[in-house]
Amino acid sequence: MAFLSRKIPISGFLVFLILMCPFLAFSYDGPLYDFTAYTECKSVPEKPLYNGGIFKDQAPLTQHRISPSSEGSYTPALILQNLAQNTMYCFSIWIKIQGADSTLVTASLMANNNYKYDCVGTVLAKSGCWSFLKGGFILDAPSIVSILYFQGTTDNSINVEIASASLQPFTEQQWRTNQQYIINTERKRALTIHVSDSHGDRLQGASITIEQISKDFPFGSAIASTILGNLPYQNWFVERFNAAVFENELKWYATEPEQGKVNYTIADQMLEFVLANQIVARGHNIFWEDPKYNPAWVRNLTGPALNSAVHSRIQSLMSKYKEEFIHWDVSNEMLHFDFYEERLGPGATLHFYRTAHEADPLASLFLNEFNVVETCTDVNTTVDTYIAKIRELERGGASMNGIGLESHFSKPNLPLMRAILDKLATLKLPIWLTEVDISNKFDKETQAIYLEQVLREGFSHPAVDGIMLWTALHPNGCYQMCLTDHNLQSLPAGDTVDKLLKEWETGEANGLTDDHGSYSFFGFLGEYKIRVQYGNRTANSTLSLSQSDETKHFNIQL
């Protein structure tokens, strides 16, 4: 299937930018990003995106030897000339294989001085039909001649064929402009307020004050028990975030460290804080497939005893917190680990989802996994592998409601990140970045730079429905990245988050009605408080801006 974002004419977009975003008021003649992606294998390849991009007139094909030692082993390749530094290169291509039923085909890039970018895209290709690979890369240095090549298994009997190649460059400014385009069309909406008197006559010159009081887009962070009793930390959190997830306090090892001794005291107190401040919360997690993060007593169970224990776990947790959490990560990291399926059989995960849905039908049930969107070098979690697992569970009858992407990044590859999100969007399920942080191998300033890149990319993708940071504060720091020090003084990453939160809210708007008694503006989706004053008459009201391509009209009578 194909996924296409809603688009408005580029001329209308430019008018909007000039009127509503003065800092971007310039003539844009660059390309619009194409979100199209395919996940089915086709008998004939589709036409190339961007009409081929810089391959429009010709796409030089060659056979590239994988390595000097691999005599006789060649792979199809594209010769790329004069690639620029810090440019976003988005590519796509159709792949067909012979010699195996299916195999993972990896796109790699060899730049100047034999500097290799090991993975810039993957596809799980099938025999006898064409599969769509979408990826991207950013060069650390200019390259006069580069080779983009496509390699399947090291088994030389598998032949890889390519067609409909496309390569589209975006400068950093063009990329930002495209991000702002999506933010303006997907995260905001036009509103016109009409003011009239009791006779229906329009009132010109009425004073309008509009204030956003809540945001629709969930943006939050992990919290830990350290927030309990810490009023400054609580105030700091509530001022910023409208969503939360408990870092460890709902995990099985935390709620039942000894068999039969279930204790939800800490989780209850954290939930009380969340609900008291009208913050939505994700439930993380019911089961973790990594053996070392299961209680020791669970690791010693097998067969009926383990089956009984997991059933009790679901019933206890879901009945205790029915309708309290908007999501549950039912299975955590099952593409990397298989603790339960190894012991209970291949239908174990499907049973978890069915039982969880029966216990809390209103909660959205997620898979949650790392190294899906952060990279494509992890063969366990390629985008097609994740899609295949979700479809397998759906075919089995699982109530699958969401895609969780942990998003523990090192240096982000933004074109690759976007390409992976495009493919996941074909499932038409909510996508959340569930545990966003940047590796602590970088200094704090670099963490902040990379964090902004990831957050902008997530917020500006139309298929992403929420973002959660993994920045629960502890006396000794955070998992990988903190927003503040232990005194709640902002670190560079915290400054970045504050800047983006401010940028992604409407704030207060003021103006006067025109000669038609109307006042119009663009606002981020969410709840608004409106005050209208005309002479000695005033009126107060509230309204909700929800997603739509249409202008919302709102009437106020004085």
Side-chain angles (χ1 to χ4, degrees), residues 16-25 172-173 175-191 208-223 232-244 277-280 407 412 433 436-438 444-461 464-471 473 481-485 487-511 521-531 543-545 547:
F16 173 82
L17 284 180
I18 293 171
L19 292 178
M20 306 308 298
C21 304
F23 66 96
L24 286 175
E172 291 180 288
Q173 185 59 67
W175 196 259
R176 283 292 300 275
T177 301
N178 273 270
Q179 287 177 328
Q180 194 62 47
Y181 169 40
I182 296 300
I183 290 172
N184 290 338
T185 55
E186 298 288 333
R187 309 297 182 202
K188 303 177 82 172
R189 185 177 177 183
L191 168 68
I208 306 283
T209 301
I210 304 172
E211 180 185 359
Q212 186 176 15
I213 55 178
S214 69
K215 304 175 184 179
D216 269 6
F217 189 87
F219 189 102
S221 173
I223 56 174
Y233 185 18
Q234 292 178 3
N235 291 337
W236 177 91
F237 191 93
V238 172
E239 286 173 3
R240 287 162 174 79
F241 301 124
N242 60 1
N277 290 283
Q278 299 179 303
I279 295 171
V280 299
S407 306
L433 308 185
V436 179
D437 62 15
I438 305 297
K444 290 180 173 55
E445 288 73 19
T446 303
Q447 281 185 320
I449 292 170
Y450 292 162
L451 177 65
E452 179 170 351
Q453 292 175 359
V454 170
L455 294 180
R456 285 192 184 279
E457 198 58 50
F459 189 69
S460 65
H461 197 287
V464 173
D465 283 3
I467 296 176
M468 303 296 291
L469 301 166
W470 204 249
T471 51
L473 186 61
M481 181 191 73
C482 284
L483 301 182
T484 72
D485 61 19
N487 292 319
L488 298 178
Q489 297 302 304
S490 286
L491 298 172
D495 289 335
T496 289
V497 168
D498 286 347
K499 178 183 72 172
L500 293 179
L501 287 172
K502 188 69 175 176
E503 182 180 324
W504 296 337
E505 68 181 14
T506 305
E508 185 176 294
N510 299 279
F521 87 116
F522 278 83
F524 282 95
L525 306 181
E527 301 293 320
Y528 286 82
K529 181 170 60 177
I530 300 174
R531 178 179 175 83
L543 64 82
S544 175
L545 274 187
Q547 189 176 59

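Because only heavy atoms are used, hydrogens play no part in the values below, and waters and symmetry mates are left out as well, while side chains stay in. Owing to the predicted nature of the structure, the values given are computational and were not obtained by experimental measurement.
Side-chain contact check for Gln180 and Asn184: at least one donor-acceptor pair (N or O, by modelled atom type) lies under 3.5 Å. A donor-acceptor pair shorter than 3.5 Å can be found between the side chains of Ser544 and Glu527.
Looking at every heavy atom in both residues, Asp216 comes nearest to Leu545 through OD2-O, 3.5 Å.
Taking the six-membered ring where the residue is Trp, Trp236 and Tyr233 present tilted rings, their angle falling between 30° and 60°.
For Phe459, the ring pair (Phe, Tyr, Trp, His ring centres under 6.0 Å) test picks out Phe217, Trp504, with sequence neighbours left out. Under the ring pair (Phe, Tyr, Trp, His ring centres under 6.0 Å) criterion, Phe524 pairs with no residue at all, not counting sequence neighbours.
When atom types are taken as modelled, the side chain of Asn487 and the backbone of Gln489 share no donor-acceptor pair closer than 3.5 angstrom. Gln447 places a side-chain N or O within 3.5 Å of a backbone atom of Ile438 that can act as its donor or acceptor partner. Checking side-chain atoms of Tyr528 against main-chain N and O of Thr506 turns up no donor-acceptor pair under 3.5 Å. A donor-acceptor contact shorter than 3.5 Å links the side chain of Gln547 to the backbone of Glu186. Here the side chain of Asn242 pairs no donor or acceptor atom with the backbone of Gly220 at under 3.5 angstrom.
Here the options are Thr484, Leu451, Leu491, the test is side chain to side chain contact (heavy atoms under 4.5 Å, CB included), and the partner is Val497; only Leu451 passes.
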| message | Set out, in order, the CA-CA distance, both residues' side-chain angles and the distance that settles side chain to side chain contact (heavy atoms under 4.5 Å, CB included) for Arg176 and Arg456, then state yes or no. | response | CA-CA 9 Å; Arg176 283 292 300 275; Arg456 285 192 184 279; 3.4 Å; yes
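Annotation: the span from Ile223 atom CD1 to Met468 atom CE amounts to 8.5 Å, rounded to 0.5 Å.
Atom CD of Gln278 has 12 or fewer neighbouring heavy atoms from other residues, nucleotides or ligands inside a 6.0 Å radius.
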